[in-house]
K.L.:
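I am attaching a structure below and will ask some questions about it afterwards.
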Amino acid sequence: MTALATPPVTGRPAGSSPHLLHWLLRLHRPALLAWTVFVLVLGGLLLWVGGPLTEGAVEGWKQYHACETGGCAYDPSAVGRHKDWYMYTTFAVIGVPVLIAAWSGATLTSRELEHGTAQLAWTQSVSPARWLAAKLAVPAVLVAVGSGLLVGLHHWAWSTGQGRLDSAKSWYDVGTYAANGPATAAMALAALVIGALFGLLKRNSLGSLVGSLCGTGLLWSVMAIATPHLWPTVTKFSSLKNDVPQGSGIIVDQGLVTSTGAHVADPHCGGSGFASCQARYTKLDAVGYYNDYHPQSHYWPLQLTATAIILAVTALLALAAFRLLRRQTGPSAPARKAAAV
Amino acid sequence: MVEYRIDRHSGVATYVQIVQQTKQALRLGMLEPGDKLPTAREVVEATAINPNTVLKAYRELEREGLVEARRGLGTFIRKGLSITPADSPLRLELDDWAERAREAGLGRDDVAALFTAVLDKHFQGED
Amino acid sequence: MTGTAAIEAAALGKRFGRRGGWALRDCAFRLPAGRVCAVVGPNGAGKSTLLTLAAGLLAPTEGAISVLGTVPGAARERVAYVAQDKPLYPQLSVAETLRMGADLNTDRWDASVAQRIVDDGDLNPKSRIRTLSGGQCTRVALALALAKRPELLLLDEPMADLDPLARHEMMGLLMAQAAESGTTIVMSSHVVAELEDSCDHLLLIGGGRVRLAGEIDELLAAHVHVSAPAHAVLAPHTVVESRTTGRQLSALVRPSSTLDTDWRTSTPSLEELVLSYLRNPEAGAAPAAKTEETAV
């Protein structure tokens, strides 16, 4: 199967490869155009959010803080507008590329197989493996570049508000964490390959689209659950007097710590300020809080580990797609045992 | 140049039709020794019949000595099937005989019947 | 065996889905190169499956098929295939489709061949494929297939969408291709008469199996249509089909020795032969196929 990684030997001049790319781009021109427009529009929106909208919101907060002492009128709309559009763009950066990739992966393969145009290509001296390689490579590059660009711009739009906006999202806000990092771009690639795999399996547009979305959703959920556990956490102990455990970031586990050092669940009774709660703490032999969490310094290790895992899964799925296609269409060289009669 | 017309419903094998039509063209003087027969490609493009059928017909004509295949050049007529020339002694004698039959009061059909009977007597077992 | 086989199949079978029925089973035949072969059989007999297996678009479930002496997947450049529904990219124009053919195929591509076929059909090169009629699509698909100058041309119901004039013209074109380049042509149809004059080899498929395979001349010569008294005993000849009407018995037999001189005999037409085999699924396969099975 290692042969699949390299283009199969067909005796064609190597220079003919660009033609296949040229025709792929020609055949999928509308999709290419739509993706470009989407990236440009969303990218523009992110520039707007990170630039003028952030400045407006910073000004809004300035007015608000001035009013705290003076007691005057202030306009909250600039702050609200930034908050809304930041949220919209965050969701768009996380969701839309993945959905588009899942959809295009499924339709790229299944629709052609359904209409017989894939078979047309395979009888024009283009082996199925080369066809699939091109079909995956072109959109993969487009998705990676587009999604990567959007994630980068989102990161920038988020950073412009840091320390200047009271309403700015923290780095560990679920949406912000996802939209800021490369794992989301990797997820779009995975969605593309999952789509292509289901397209080969189902060979019909609707079935493969459903399979693609379900498969992508599953991988997404697994990664969302697994991400906090991909890097060792930092544990912080704090006094019961604080009423809440100290340390902010992605929290993995927190609760009470006893005099023996054991970790027990926090009854969440309101804090040591309440007598009844203090009594329960005493009964539990609690001496403080513990907090297992990821501080901001863990941002890149977490993102990069998740990205690597998603890319590895993507590579495995791509290999599976090639193997499946080979099983469906037969070998392209007579090497395998004495297959020839 | 001869152009073949294939009648699918004649009941005559396709290659035989080609042989017959070639001979007919020879008899009518449409083909003469040295003439080139159409290539198999030309025949099948016009008639949509199998190339091997044409080749089979040409082989049959070659076997009968009517044509010869020259490698890389095509198939050429070797000898004609033309009727005896107009000024041959045999023809002059027959001319003479027909004239006498007419003078003897025989009609066209009578002469034909008489000729056929004599023909049958002398050419038994031949087509 | 002499010469290269264009297609050779041994114990070939294809099943769709793990629990699906067999579309093709136990197929063994050998098609010598340079033949024009008719793949004949009723709808759903497995003709299309056989052609897609030969074109390297599907892998067999069991057995093996070899094309031009190698696996179908390795012969792509030398094999052309036109599917039954003539798939083309609807968003491309006629001219673009031909340019794509030139780009995706090797140096063998002959643009003038494609151009001539398209021009003969009065097709506007700028027309989008999606605006073409079924017959026009067939023309473009055949242009793609022939311009590739294949050694083996596989055509699934190629003439179905064409009017009689275009049908005659396209068949002439295919025959010219066979005459000129020695291309092996395999075409399927459920209308035998359509292929009778153009083909010299027959592959009769029924119920997913090869019922009859061989040179048409030899197959016809091996069978005799017999009219005999109703009480006549046909044994030891192999009976394909027999029918008794009143005092008369009429049968299609494969004689194993000299036939009774009292019987009236005639050579069957290809269509009669095919229909007799299809009407009688239990009639034995042709001897040609049998010997292949042991020889392969």
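These numbers were taken from a predicted model, which means no experiment stands behind them. Chain identifiers are assigned alphabetically (A, B, ...) following the order of the sequence lines, protein sequences preceding nucleic acid strands; residue numbering begins at 1 within each chain.
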K.L.:
Are the charged groups of C/Asp217 and B/Lys56 less than 4.0 angstrom apart, N to O?
P.N.:
yes
K.L.:
How about CZ on B/Arg102, more than 12 heavy atoms from neighbouring residues, nucleotides or ligands closer than 6.0 Å, or not?
P.N.:
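Count not over threshold, so no.
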K.L.:
First locate atom CG of B/Asn50, then atom CE of C/Met171, and finally report the distance between them rounded to the nearest 0.5 Å.
P.N.:
10.5 Å
K.L.:
For C/Arg108, does the CZ atom have more than 12 heavy-atom neighbours from other residues, nucleotides or ligands under 6.0 Å away?
P.N.:
yes
K.L.:
Go through B/Val54, B/Leu55, B/Asn52, B/Thr14 and name the one with the most non-hydrogen pairs under 4.5 angstrom from chain C.
P.N.:
B/Asn52
K.L.:
For B/Thr47 and C/His168, work out which heavy atoms get closest and say how close.
P.N.:
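Taking B/Thr47 first and C/His168 second, the nearest heavy atoms are O-CE1, 3.4 Å.
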K.L.:
Should the heavy atoms of other residues, nucleotides or ligands under 6.0 Å from CZ of B/Arg108 be counted, would the total exceed 12?
P.N.:
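Atom CZ in B/Arg108 is not packed in, count stays at 12 or less.
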K.L.:
Between C/Ser198 and B/Ala48, is there a donor-acceptor pair closer than 3.5 Å when you use the side chain of the first and the backbone of the second?
P.N.:
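Yes; judged by distance alone, with no hydrogens or angles, the pair exists.
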K.L.:
If you measure from CE on C/Met175 to OG1 on B/Thr53, what distance do you get to the nearest 0.5 Å?
P.N.:
9.5 Å
